[in-house]
J.: 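Questions regarding the structure given below will be posed in turn.
These numbers come from a predicted model, not from an experiment. Counting from 1, the numbers follow the sequence of the chain as shown.
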Amino acid sequence: MSVTLEQPASTLKDPRRYFEDVANDSRVASTPPVCLYLEVTNRCNLLCETCPRTFEELEKPADMSWDLFTSIVDQVPNVARVVLHGVGEPMLVKDLPRMIRHLKVRGTYVLFNTNGTLLAKNKRREIIETGLDELRVSLDAAEASSFLKVRGKDMFDRIVRNITEFTALQKQLGSTTPRVSLWLTGLKETVDELPAFVKLAAKMGIGEVHLQRLVFDDMGRGLMTAAQSLFEQTRADEEAAITEATALGAALGVTLDASGATEPGLSIKRQAGTAGIGAEETPWSTCRRPWSLMYFTAHGRALPCCIAPFSARGYENYTLGDATQQTLREIWNGVAYQEFRENLQGTTPPKPCQNCGLRWSL
């Protein structure tokens, strides 16, 4: 496909400028997406109790083909940021290093999440040498027994060893990239391990820890339930664990944030709404994802955002296009996207958006 969506140069220097260009009450996005989420695979080697793919087949197992990958990214040649993950494990994809290099040649900021199980010795240097900007490691526990309960397989020690040796190799090579961070999903099951998690990060040579709010739906599957969520339900001892972990991080040189770069304690409390229809009454109202990013599954299906696969059963009711059949220009301001944006601005948003901001951070 030769049709491109050119990104204004001003948004590349400072992505925040992008949002100044968004037509807040428009069905049409006035500028191309500043970010692409590409689900380079929907396959995974773990069985996480907080992931929908453990309980249902969202799409047929697949890796994104090189042709599909290039056909998408080459239509947005100046895109500022590309995230190479979705509901699968990116390190399973043979072409992953090649994909990263293809993007880095243009100066694009590139990152992906990994479970760390496949970051073996023969792959570490290759990943570092791609120029990858950020590597986010989802560990979700500070000890092996908790990890097994949350992630479904006994691979805790392997991950800790892989990532520790990866950061050691970075230091040996004098490489400051990728920036490595360690992630823990905020569950009732594991929040008390947060201080130990911060200590573990320091031992692994990682200076950045993130507490990620649990994403859950109404299906009651695994640990993806309201009962496991910390939001507005924290006990005093759970809040104390967060406070202790923050102080411990400061002492050890480990930064602790919540998802969305929010202070952890603040991220689990409801924020007051504004006058009229505000964030409290309509928690989806501050979302600008449909004006700023595009998400594509391994098969090329366009979804509204990275949270969509976690928030409702099936993709049919909120598929916004197909990159194997349409250009990105046709999808970005096509009928489906325009209708989605219009509904998001009202009082009856699409189902995946109805509790966004309550169940997870914006």
J.: If we only count heavy atoms from C-beta on, is the Phe112 to Leu132 side-chain gap below 4.5 Å?
T.: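 In short, these two side chains touch, coming nearer than 4.5 Å.
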J.: Taking Thr41 for its side chain and Ala62 for its backbone only, find out whether a donor-acceptor pair lies under 3.5 Å.
T.: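 Side chain of Thr41 to backbone of Ala62, a donor-acceptor pair under 3.5 Å: yes, one is there.
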J.: Ser146 and Glu193: side chain to side chain donor-acceptor pair (under 3.5 Å), yes or no, with the steps?
T.: CA-CA 9 Å; Ser146 300; Glu193 295 182 17; 2.3 Å; yes
J.: Is there a side chain to side chain donor-acceptor pair (under 3.5 Å) between Glu208 and Thr255 once you walk through the steps?
T.: CA-CA 5 Å; Glu208 188 176 333; Thr255 302; over 6 Å; no
J.: Okay, side chain of Arg341, backbone of Pro290: is any donor-acceptor separation there less than 3.5 Å?
T.: yes
J.: Are side-chain heavy atoms of Leu58 and Asn42 found at a separation under 4.5 Å?
T.: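 No - every pair of side-chain heavy atoms lies 4.5 Å or more apart.
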J.: For Thr297 and Glu59, test the side chains for any donor-to-acceptor distance below 3.5 angstrom and give the result as yes or no.
T.: yes
J.: Can you sort out the partners of Tyr37 under ring-ring contact (aromatic ring centres under 6.0 Å, His included), two or more places apart, ordered by chain and number?
T.: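 Listed in chain order: nothing, the list is empty.
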J.: Going hydrophobic residue to hydrophobic residue with side-chain gaps under 4.5 angstrom, can you get from Val40 over to Trp66?
T.: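 Yes, Val40 connects to Trp66 through the hydrophobic network.
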J.: If you compare all heavy atoms of His210 against all heavy atoms of Ser181, which two are closest, and at what distance to 0.1 Å?
T.: CD2-CB, 4.0 Å
J.: For Glu89 and Asn115, does a side-chain donor sit closer than 3.5 Å to a side-chain acceptor?
T.: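 Note: Glu89 and Asn115 side chains meet the donor-acceptor criterion.
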J.: Could you tell me whether the side chain of Leu119 reaches within less than 4.5 Å of the side chain of Thr114, counting heavy atoms only?
T.: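 SC-SC contact between Thr114 and Leu119 ruled out.
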J.: Walk me through it: do Val83 and Leu36 pass the test side chain to side chain contact (heavy atoms under 4.5 Å, CB included)?
T.: CA-CA 6 Å; Val83 181; Leu36 295 175; over 6 Å; no
J.: Evaluate the side-chain proximity of Ile206 to Thr167: yes if any heavy-atom separation is below 4.5 Å, no if none is.
T.: yes
J.: Minimum heavy-atom separation for Val209 to Ala201, with atom names?
T.: CG2-CB, 3.5 Å
J.: How about Glu330 and Leu328: do any of their side-chain heavy atoms sit closer than 4.5 Å?
T.: no
J.: I need the Leu96 CG to Ile127 CD1 distance, nearest 0.5 Å.
T.: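 If we round to the nearest 0.5 Å, Leu96:CG and Ile127:CD1 are 5.0 Å apart.
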J.: Any chance NZ of Lys104 has more than 12 other-residue heavy atoms, nucleotides or ligands included, within less than 6.0 Å?
T.: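 Yes, because the 6.0 Å sphere around NZ of Lys104 holds more than 12 heavy atoms from other groups.
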J.: Rounded to the nearest 0.5 Å, how far apart are OH of Tyr109 and CD of Glu134?
T.: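 Rounded to the nearest 0.5 Å, the OH-CD separation comes out at 3.5 Å.
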J.: List the atom of Ala323, the atom of Leu68, and the distance in Å for their closest heavy-atom pair.
T.: CB-CD1, 4.2 Å
J.: Looking at Asn333 and Val28, would you say the former's side chain and the latter's main chain have a donor-acceptor pair under 3.5 Å?
T.: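 Side chain of Asn333 to backbone of Val28: no pair is present.
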J.: Taking salt bridge (Lys or Arg N to Asp or Glu O under 4.0 Å) as the criterion, tell me which of Arg125, Lys171, Arg124 meets it with Glu165.
T.: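 Considering Arg125, Lys171, Arg124, a salt bridge (Lys or Arg N to Asp or Glu O under 4.0 Å) with Glu165 is found only for Arg124.
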J.: Using atom types as modelled and distance alone, determine if a side-chain donor or acceptor of Asn162 lies under 3.5 Å from a backbone N or O of Gly116.
T.: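 At least one qualifying donor-acceptor pair exists.
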J.: Which atom pair, heavy atoms only, marks the closest approach of Ser292 to Trp332?
T.: N-CH2, 3.8 Å
J.: Any chain of hydrophobic side-chain contacts (each under 4.5 Å) joining Met294 to Val335?
T.: no
J.: When you compare the side chain of Asp322 with that of Arg301, does any pair of heavy atoms fall below 4.5 Å?
T.: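 SC-SC contact between Arg301 and Asp322 ruled out.
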J.: Salt bridge between Asp133 and Arg179, side-chain N to carboxylate O under 4.0 Å?
T.: no
J.: Walk me through it: do Trp183 and Thr185 pass the test side chain to side chain donor-acceptor pair (under 3.5 Å)?
T.: CA-CA 7 Å; Trp183 291 67; Thr185 301; over 6 Å; no
J.: Could you measure the distance from the CD atom of Glu143 to the CZ atom of Phe156? Nearest 0.5 Å is fine.
T.: 7.5 Å
J.: Evaluate Leu293 against Arg81 for side chain to side chain contact (heavy atoms under 4.5 Å, CB included), listing each step before the verdict.
T.: CA-CA 9 Å; Leu293 65 83; Arg81 180 183 180 95; over 6 Å; no
J.: Any heavy-atom pair between the side chains of Leu139 and Leu200 that's under 4.5 Å?
T.: yes
J.: To the nearest 0.5 Å, what is the distance between CD (Gln338) and CG (Leu320)?
T.: 11.5 Å
J.: Compare all side-chain heavy atoms of Ile128 with those of Thr177 and state whether any distance is below 4.5 angstrom.
T.: no
J.: Would you compute the distance between atom CE of Met64 and atom CG of Leu84 and round it to the nearest 0.5 angstrom?
T.: 9.0 Å
J.: Evaluate side chain to side chain donor-acceptor pair (under 3.5 Å) for Asn343 paired with Arg27, printing each intermediate quantity in order.
T.: CA-CA 9 Å; Asn343 291 335; Arg27 292 164 53 107; over 6 Å; no
J.: Which atom names give the shortest non-hydrogen contact between Ala142 and Phe197, and what distance separates them?
T.: CB-N, 3.7 Å
J.: Which heavy atom of Ala298 sits nearest a heavy atom of Glu39, and at what distance?
T.: N-OE1, 3.0 Å
J.: Just verifying a value: how many Å separate Arg101 CZ and Thr130 OG1, rounded to the nearest 0.5 Å?
T.: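 That separation rounds to 7.5 Å.
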